[in-house]
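One structure is given below, encoded as structure tokens.
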Amino acid sequence: MPTVIEQLAEFAAGTEIRNLPDEVVSESQRILLDSLGCAVASLDDEGAQRGVSYGRYLGGAEGPASILGTGTTTSVPGAAFANAELINALDQDAVLPPGHVTPYVLPGALATAESLRGSGEKLLTAIAVAHEMSFRIGKATDYLRDIKDGVVAIPDVIGYSSTLFGAAAAIGVVKGLSRETLADALGIMGSTVPTNTQRAWMMHAPSTTIKYQLAGGMALSAVTAANLAELGHTGDREMLDDRDYGFPRFIGTSRWEPAPITAGLGTEWTFTPFQSFKPYPHCRVMHALFDALTEIVETHDIRPDEIDAIDAWGESFVLQPVWVNEDIRNPRDAQFGMTHGLAMAAHRIPPGKDWQTPEAVLDPSVLELTKKASFREHPDYTAALRGNPAARRSRVEVQARGTTFTGERAYPKGSPSPDPATFMTDDELIAKFRHNVEDVLTDADADAVIEAVFDLRNVEDVTEFTKRLRPVLPS
């Protein structure tokens, strides 16, 4: 009987573009476009610049892979590290259970594809494989929104290391590694994954600027595992079958249900109904509230200085130090501060990179309004979540002009849900991309990238569009 890792390797090695359902192709293209825009939008962020600098330190000033948006190249490991940091820097990257997936699984595959002048078809297949695999393995372990005894209970150990099997597999798909080599890559990955440190990040505020897990380090570890297997190192193929001494024990999960990892693998694609995109560069837990609050202040043309109070009710599990922190020192703190996020939304700053400039984050008007905002658990949140895992029951009240304005949401914009309006359309994702790359790319380059990504299966060489992700030269 093949091990779980051997079955995953068979899936990765055997997946071909012609066998991908249309919705998987579409979602993989959308993930790529969104990620490219997120990376370019982060170029001025101090935290992202640290990642870019370290990527260059790893890989030097020249190489076969690009650092997105900079017009410069470096080694595959260096580009993977830098681009992971860029994609994740503003916290507006795509999300999929177990949480963040894309910034860890895409950079290594993209850098590898550039280095080989690989086809869009290969990259597209790799993106699909990585997200499907990450979703399946993530669902086998503890989840941030698991309900126990009627309440949402945060696991003692939580994080995104489970995504790295998909990340290593994606690199192997681009390289065309054999099933046997892919199995070794996944086994090596299981033995070398970073520890899951997200719970410490939650509990210690103000939080670290490397966030829940260091995106660059995660991507780099996947590059290492895949390439060591190609060079001949062997991996532990029982890693996902051994509850007592294998991967489940390494990451401290209390739940390990591996059967769904391989059920229908290769014939059933499960990740697309759960793939979400983020309109706001802020922790996803607040997005439904931002939607409701933005509608209120725009509909009634309410100025920030007219607001006496903002009271919000939403997700129950986020009443933890990192989210209730109001000591906002930099954009990283602001990405998770709930009351600060409400103040930002009330200022009607266009969602995107504009939210994360130090000037906006530390604007005295925003900081003053933060003091007038509050957040509490929505009494119906858990019941709604039990009925639909995409539900985010949210309510906001704005007191201004002697009146209380109220807004409610059941689902945030960007997630598939029973409400068709929450789905983020191609046109909306393109608009987000254009806003994120403005003042960096020319309109012609932006158009070329969009066209190439939505026709990815026919792109012969991915550098055809990555080379267009370059800064506008001064006139």
Side-chain angles (χ1 to χ4, degrees), residues 2-15 76-77 80-81 84 96 98-113 125-141 157 159-198 213-243 245-253 256 258 261-262 265 271:
T3 66
V4 172
I5 275 182
E6 288 169 340
Q7 292 177 71
L8 290 172
E10 176 72 29
F11 162 64
T15 299
V76 169
F81 188 100
L96 172 75
H100 292 268
V101 172
T102 303
Y104 311 135
V105 306
L106 174 61
L110 179 59
T112 301
T125 305
I127 294 170
V129 165
H131 284 77
E132 180 69 17
M133 193 179 295
S134 298
F135 176 71
R136 284 171 174 263
I137 298 174
K139 296 296 281 186
T141 68
V157 181
Y160 303 129
S161 291
S162 63
T163 66
L164 295 186
F165 293 97
I171 296 167
V173 169
V174 172
K175 281 178 165 284
L177 300 183
S178 70
R179 176 186 59 194
E180 290 297 306
T181 304
L182 272 164
D184 284 326
L186 298 180
I188 294 168
M189 192 73 263
S191 296
T192 58
V193 290
T195 55
N196 275 339
T197 58
Q198 186 176 359
Q213 279 182 268
L214 181 65
M218 296 275 278
L220 180 59
S221 65
V223 172
T224 301
N227 282 278
L228 285 179
E230 186 180 30
L231 290 169
H233 264 313
T234 58
D236 186 342
R237 301 187 183 192
E238 297 180 64
M239 187 60 67
L240 295 178
D241 292 272
D242 191 341
R243 182 188 300 266
Y245 301 108
F247 180 72
R249 177 61 60 87
F250 296 168
I251 62 168
T253 183
W256 182 245
I261 297 176
T262 55
L265 186 65
F271 82 90

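Of the inter-residue distances, the one linking L214 atom CG with M218 atom CE reads 9.0 Å to the nearest 0.5 angstrom. The structure places CD1 of I251 at 11.0 Å from OG1 of T195, a figure rounded to the nearest 0.5 Å. One finds the CG atom of L240 at 5.5 Å from the CD1 atom of I261 (value rounded to the nearest 0.5 Å). The line from CG of D241 to CD of E6 is 8.5 Å long, rounded to the nearest 0.5 Å. With rounding to the nearest 0.5 angstrom, the CZ atom of R136 is 5.0 Å from the CG atom of L265. For the atom pair L96 CG and E132 CD, the distance stands at 9.0 Å (nearest 0.5 Å).
Taking 4.5 Å as the limit, every side-chain heavy atom of V223 sits out of range of all side-chain heavy atoms of P107. In this structure, F11 and Q7 have side chains that are not in contact, with every pair of non-hydrogen atoms separated by 4.5 Å or more. For the pair T192/T224, no side-chain contact is recorded, criterion being any heavy-atom separation below 4.5 Å from C-beta on.
Qualifying side chain to side chain donor-acceptor pair (under 3.5 Å) partners for E238, counting only residues two or more places apart in sequence or in other chains: none. With sequence neighbours left out, the side chain to side chain contact (heavy atoms under 4.5 Å, CB included) criterion links S162 to P98, I137, F247. Here A12 pairs with V129, M133, A169, V173, L182 under the side chain to side chain contact (heavy atoms under 4.5 Å, CB included) rule; sequence neighbours left out. With sequence neighbours left out, the side chain to side chain contact (heavy atoms under 4.5 Å, CB included) criterion links R249 to D244. With sequence neighbours excluded, the residues that form a side chain to side chain donor-acceptor pair (under 3.5 Å) with T181 are S178.
Judged by distance alone, the side chain of N196 and the main-chain N or O of Y160 form a donor-acceptor pair under 3.5 Å. Remark: the backbone N or O of G159 is not paired with any side-chain donor or acceptor of Q213 at under 3.5 angstrom. In terms of modelled atom types and a separation under 3.5 Å, the side chain of D184 and the main chain of G235 share a donor-acceptor contact. Although no hydrogens or angles enter the test, the distance criterion places no donor-acceptor pair under 3.5 Å between the side chain of T141 and the main chain of T253. Looking only at distances, no side-chain donor or acceptor of S134 sits under 3.5 Å from a matching main-chain atom of H131. Proximity of a side-chain donor or acceptor of R243 to a complementary backbone N or O of W256 within less than 3.5 Å is detected.
Nearest heavy-atom pair, L177 versus A226, reported as atom, atom and distance to 0.1 Å: CD1-O, 4.2 Å. Considering every non-hydrogen atom in both A222 and M189, the closest pair reads CA-SD, 3.7 Å. Residues V174 and A109 come closest through the heavy atom pair CG2-O, 3.9 Å. Closest approach of A170 to V105, counting heavy atoms only: CB-O, 4.1 Å. Residues T163 and V101 approach most closely at CG2-CG2, 3.9 Å, considering heavy atoms. Looking at every heavy atom in both residues, L186 comes nearest to F165 through CD2-O, 3.2 Å.
The salt bridge (charged side-chain N to carboxylate O under 4.0 Å, His left out) contacts involving residues 167-176 comprise K175-E230, where partners must be two or more places apart or lie in separate chains.
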